[in-house]
Each structure stands twice: as C-alpha cells, then as structure tokens.
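Below is one structure, written out as structure tokens; comments come after it.
Computation of the quantities below employed the complete heavy-atom set of this structure, encompassing side-chain atoms and omitting hydrogens, waters and symmetry-equivalent molecules. To find a chain, count down the sequence lines: A is the first, B the second, and so on, and within it residues start at 1.
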Protein chains: 2
Amino acid sequence: MATMKEIAELANVSVATVSYALSGKKNVSQAKRDRVMNAVRLTNYKLNSIAKSLRTSKTGIIGVLAEDIRGLPVPEIVDGISQRLTESGYQLLLSNLQLLSKLYNRYEQLSRYIGSVNRGIQLLEDARVEGIIYVAMHDRRIDDIRQPAGIPLVFAYADSDDPNSVSVTYENQRSVAAVTCCLIEQGHRRVALIAGHPASPVTKERLAGFRAAMDGAGLPMPPEYLRWGDWEYRSGFEQAGALFALTVPPTAIVAMNDAMAAGCYAQAALQGLRIPDDLSVVGFDNQSFAAYLYPPLTTIALPNKQIGLTAAQRLLWKLEGKPDVPANTVLPCELMVRESTRALPGAGQPRSAR
Amino acid sequence: MATMKEIAELANVSVATVSYALSGKKNVSQAKRDRVMNAVRLTNYKLNSIAKSLRTSKTGIIGVLAEDIRGLPVPEIVDGISQRLTESGYQLLLSNLQLLSKLYNRYEQLSRYIGSVNRGIQLLEDARVEGIIYVAMHDRRIDDIRQPAGIPLVFAYADSDDPNSVSVTYENQRSVAAVTCCLIEQGHRRVALIAGHPASPVTKERLAGFRAAMDGAGLPMPPEYLRWGDWEYRSGFEQAGALFALTVPPTAIVAMNDAMAAGCYAQAALQGLRIPDDLSVVGFDNQSFAAYLYPPLTTIALPNKQIGLTAAQRLLWKLEGKPDVPANTVLPCELMVRESTRALPGAGQPRSAR
DNA sequence: GGCATGAATATAATCGTTTCACTTGCTGCG
DNA sequence: CGCAGCAAGTGAAACGATTATATTCATGCC
C-alpha cells in the first residue's frame, strides 16, 4: 500500500506538503494540491491511521464495555452510542464480558464480577482508546471498578456510586408511579405488585414509585399484595398464582418487568381469568414481545437509544474538555398504553377469582 | 506514560533487551530480565500497541460489520464472535450500519444498501483491521459488495453469491421440513403455511422445506393454505384470520417466524380457538418471547452463537493461512418442542372453526 | 532601494516499538 | 593454543505519519 513518501515523489513535492495538502491545515498552492490529489488517485493511497495515531497520540477509538451484548437493553444502547460516535468520526471498540453466562448468580460473586470488569477496562486501555462507555446492567451500585488512568469513563444504563463519575440512566421511580397512577385513575383500588429480586436497587426504586402512587391516592398496600419475584417469567407465573388464590384477589397487577407480566398472563389463562376484563396487568421494559401478547401489554418503554446517544455525547464533551459535564443524567421513560388494562366498571366491589 | 526507553534506562539495559525480555522472542539472562521486570512494575509500564502495530503492521483488530446491531440474531452472533476472538487475543471493532431504520423497505433500495455496506467496509479498512466479519441479515443474496483489498472477509448468518467467499449460515429448508414432519407425525393432515415476504430467498428456502415435508407425506397443499405474510406480527394475525374463515380450516399452522406465530395466537384468542386443543401452531426463530406465550410456542432455535463462533474461527483460519477453509458452512437448527402443538385425536376428521 | 512581512515549501525530528546486523565474551574441541 | 560456534547484549534502521523550524521568494511600504 502506498505511503506519503511515494505520493511525494510522484507529485514531486515534499512529504510535508502532501500532509498539509491532505489535512488542509496549512495553505498549499492550487498547482501542487492538484498534483498531490492526482497521485493519491493514481495509487489509491490511504492514510495510515496507525502512523497518525502514533504521532498524534490520538486513536479516534472509543471503547464500549458491555457486561453482555445479549442483555435486553444493550443492543439499543450500543446503537445509540454508535450513531453519535460515527457522527463525530470516532470508531467503536467493543469489549463484551459475557457476564450473563459467566456470573449468572450476580448477587454472590461480586469480586469475580469486578475482576471481569477491570480486565475489560484494562484491555481497552491497552488498545489506547480515548474514552470508555460502560454499559452496565448490574442491578447494584458499583464503586470498586478501576478508574482508567487519564481517559474519561461514562456509565450508561446503570450508574456508579462514585460521586464524580458521569452516568446516564432512566427514571425508575417516576415511571412505576406513573403506570400505577394510571391504574388507580381507572378505578382500581386493589393493586398488587410483583417485584424484582429483593436485593436489587432497581427493585427498591421501582417499589418506591409504586408506594408513592398508592400512598398518594390513599390506598392501602396489604403485605399479601406485595410479592417478591426474581425478574424471571416463572416467578411472575407463581406469584400471580398466589395472588389469585387470595380470598380478596387484586383487580390489577403491576409487574416490575415484562417477563413476569407474561407469567401473569399464563397464570391468568390457566385459571380462566380474562385480561383485561377480569384483571389488568402492566409490565416494565417494553420488550419486543409486549406488543405480541394477547392482549397487547401496557408497559413502560425505556429510553435505551437515547441513553446511548446521551452517554456518547457526555463522553465527547469530556474529550473536548467542556466544563460542567452533568454528573448524572436521568432520562424519562415512555408509558405505552395498550390493551391489558381496563377501567373498573364497579370500582370498589369485591370480585372473586375463578 | 512510560516508554521502553525509560525502562531501558531504569534497568540499565538497551531497549532491544527490554523488547526481547518482554516478548520472550530471544534469550535474555535471568539477571537482566529481573531488572526489566522490576522497572516495568515500578513505572506501571504498558506496551504501546499503536507503535507495535506500526512496526509490525498487525493491529490485532477484527472488524465486525453489522447491518443492525438491534437485529434479532445479531447480539448472539456478535457474542459468539467476541468470545472466539477474545480467546485468540483479538479485539473487535464494531461498525453498525443501522440499516433497520435507514432502509426499512429493503426490497427497493438496493443501491443505497450496497453503498452503506461498502462505506462500512471502507471505514474498517481505514482502521487497518486484519479481517472483517459481515453479519448480514439481508434476505437476498449479495454479490456487489466491495471485496476489501488484502484482508479476508467472512459472511455470518446470510451468505454471498460470490463463489470464493467464506460464509457461515444455518439450515433453513431442513429445519422447516423437520417441524412440519413433527406436525404430520402428530396426525395433522390439513397444515397451512404463513410465509414470509415473497421476495425473500429465505422465504423460498423455508417454503421448499415445507413442500418437501408435505410431499414426502403425500399430503396436498391447497393454494388457500399458502398465505403470504411479511414477517410482521400483523400479517400473521391477518393471514390466520383468513385461514380460520375457510370452510375447511387447517388444524395446524406453520408460521415462518415467531412474530407471525404470535399473530396467529392473537387471532385464535379473538376467535375463541384454543391452542393447542383446536389448533396447533409452530414458529421459527425461538425469539425470547416464544417461551412466554401461552401456551409456550414450539419453534426452531437458530444456532446464532455457534454461527458467530464458527465465523470467527473461519476468519482466524484464513489469517493463519490455513489452506482449504470451507467456503460455506451450514449449521443445524434445534427444534424446540413446547406446548403449542398437540396430536390430533381423530386425525383426518373435518373440524369447523368457531 | 532597502527591508520587514508573509505565503509556500522543504528539512528533519519525533512518536514507541521491532528486529536485523553486529559485537562481545565464553565454551569446547581438534 | 587457536578458532569455530553460540548465547547475550547493543546499536540503529525501519514503520508512516505530523509538525516545528528553516528556507526561499515575492510583495508592499517608506
């Protein structure tokens, strides 16, 4: 492959002139510029980005550290990141930790988890990336991860405990409050909650949102209406079963994610309960299948792409040396009202399951 | 950040010795090696991979060109690729074309499509990747994409018309034949097909599989049982409606993907048909929600991760100069038998819809 | 005319490695 | 003893760009 030196010889100018002609950083006469351009065309010359990087110590590469590319929100977030980075001429080096398969039980292997993350950061540093975006799905706060030396790090989706880190997340509490209010406005008084894994901070935030909505409407939250799941379909199925077995079952269920909501659907079908006539159900995540369930599931759509776009923007700001990059940006979610909820005709009347 | 020169001074040896000590390519006395290692530890020295790349003209980076990272099989394929590449010490540069949003109607904008792909390849070449894996979801054969100069290109998921290209795909025809046979063995005689977009070669292959199974069993394929969809949920819903309205409706439906199968579920629920008692349904793709539908959907799981692993392996072979890298590898799919199918009790007896 | 000014161009140092070619000093053998 | 052979170590030339500095030459102004 041709080099600048060859172009210089072909165009009968110095390499410096070739460099200036191509970069436009300094004036070059029209005549010489033309000669250079012709030589470039003739030889199909391509600038060697490696040599350029060595000289300028800028690689134009951003590292994306994904806990697992297969994770639900991750592809959309990466899509947003790649869009924003491409617009600014950066490339994207992906480090995929595969934590979904390796550390399935994430609540008990924190040190191995941290180790994986740090190794990933190490690898990206070795590749001389100019910045790192960490797409973290972990549902606990992280503060032990290694701060890469000299290059900015932005958290996307989940955030860090480190007060001077930059992160872009979404509104958990407000969103659950909103969807719960929606049910209350439709006349529901007996609203149950199927929560996520109890140890998860995400569960706590969403629970707080649910509490806020119920308290705000002066509605009770009997303990038997608060069911603990583990984010999986199966637990939604089981907890819905427990709810339907109550002497006074709920008229509406808020599931903390769509998978558990789908579990409710299955249990309801099994028990002959019709959604939304006999029971309203809402989820969280707006997974692709939410619209495919019958009836289509009312749920909350996360601003995943926007998280990616914004995280990339924050990183670019840091790289530009912009002052006052916001520490934590919390993006709003969108309520997707579909057909799994219905206004209660005789609000307040007891209804018996099965 | 420290350089080899500084290490050399600190350890009182030449830079050449430092390089040899670190790479292990030449014998270095234990004494000097120790001094080098100490200096490395002391200064927290990291080899500059850019300088190394410049000197050796090897970057250790593989480009992954994804038509859209959000596409159904893509994250799993990328997961497989990243696993195999990481094992071999390669990094992964991701170029995401976002074609899902940009070229929605893929059947009419071929030239813009090719342009995007070629620009993506260009970008990866500029970054000096050592090889490219093209994760193509396009459902037509591609032969106009630019062959990158000097670096190997492997197709994953879809293949190319170019006879001397390397690709890794999956078994379309055999898989649909298998799932259809499964229905036939259960006594179904009136089996309908909801096909994908008629222009797609994938549709043609899957149709051929269906035909093979039906022909093999000597069963008729009346034209009203062959319905054309477009891969979307909505079309499954509509075509299922058309099938149920027939005077002699089918007892089983093969949908060419899970989204359209979900559409069948919705139509069946609307019409009061129970799955699998009144109707058996099978899909294709094993999307996450297939197990969440009620009843869980029998479908075909693509070997996505395996496609990624294998494609990466093929590329590594090419890089190693291994002779006889197989041109096209076709991986088997897995039949996921769940609860959406049931043996017909009185096989052959007419059954009326609704 | 003399001289400062500025544009266009060239020269050469530099980025941090790898690796070829060479020196040095030691061992073993005829 | 002399010399081949080998291991350990060094020096310096690449790799292919960027860019500070120097050079040349035309121009404008007093």
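Heavy-atom contacts from other residues, nucleotides or ligands closer than 6.0 Å to NZ of A:Lys318 number 12 or fewer.
At a cut-off of 3.5 angstrom, the base of C:dT19 holds no donor-acceptor pair with the side chain of B:Lys25. Interface remark: the B:Lys32 side chain does not form any donor-acceptor pair with the D:dG9 base, using a distance-only criterion of under 3.5 Å.
Side-chain N/O atoms of A:Asn27 include one lying less than 4.0 angstrom from OP1 or OP2 on C:dA8. Side-chain N/O atoms of B:Thr56 include none lying less than 4.0 angstrom from OP1 or OP2 on D:dC15. Taking only side-chain nitrogens and oxygens, A:Ser19 never comes nearer than 4.0 Å to OP1 or OP2 of D:dA17.
When the C1' atom of C:dC15 is taken as reference, atom NZ of B:Lys5 falls 11 Å away, rounded to whole Å. Between the CD atom of A:Glu9 and the P atom of D:dA17 there is a distance of 13 Å, rounded to whole Å. Regarding B:Arg55, its CZ atom lies at a distance of 10 Å from the P atom of D:dG16, rounded to whole Å. Look at NZ on B:Lys58: it is 13 Å from C1' on C:dT18, rounded to the nearest Å. Residue B:Ile50 contributes atom CD1, which lies 12 Å from atom P of C:dG16 at whole-angstrom precision. C:dT9 atom C1' lies 16 Å from atom CD of A:Gln30, rounded to whole Å. When the P atom of C:dA7 is taken as reference, atom OH of A:Tyr20 falls 14 Å away, rounded to whole Å. Distance CZ (A:Arg35) to C1' (C:dA8): 12 Å, rounded to an integer number of Å.
Checking B:Leu54 against B:Thr17, the closest nucleotide of DNA chain C that is more toward the 5' end is the one next to B:Leu54. Each of B:Asn12 and A:Thr3 lies near DNA chain D, and the nucleotide nearest B:Asn12 is the one positioned closer to the 5' end.
B:Tyr20 does not carry B:Lys25 over the face of its six-membered ring by the limits of under 6.0 Å from the centre and within 45° of the normal.
For B:Lys26, taking side-chain heavy atoms from C-beta onward, the closest of the listed nucleotides C:dT17, D:dG9, C:dA8 is D:dG9. Here C:dT17 is the nucleotide among C:dT17, D:dT10, D:dA17 with the atom lying nearest to any side-chain atom of B:Lys52. Distances from the side chain of B:Ser29 to the nucleotides D:dA8, D:dT19, D:dA17 place D:dA8 closest.
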Practice task
Assess whether side chain to side chain donor-acceptor pair (under 3.5 Å) is satisfied between A:Asn38 and A:Arg41, documenting all intermediate values.
Solution key: CA-CA 5 Å; A:Asn38 275 332; A:Arg41 236 164 277 134; 3.2 Å; yes

Handout entry: Criterion side chain to side chain donor-acceptor pair (under 3.5 Å) on B:Tyr45 and B:Glu6, from CA distance to verdict
Key = CA-CA 9 Å; B:Tyr45 166 78; B:Glu6 298 174 49; over 6 Å; no

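A salt bridge links B:Arg146 with B:Glu125: the distance from a Lys NZ or Arg NE/NH1/NH2 to an Asp or Glu carboxylate oxygen falls below 4.0 Å.
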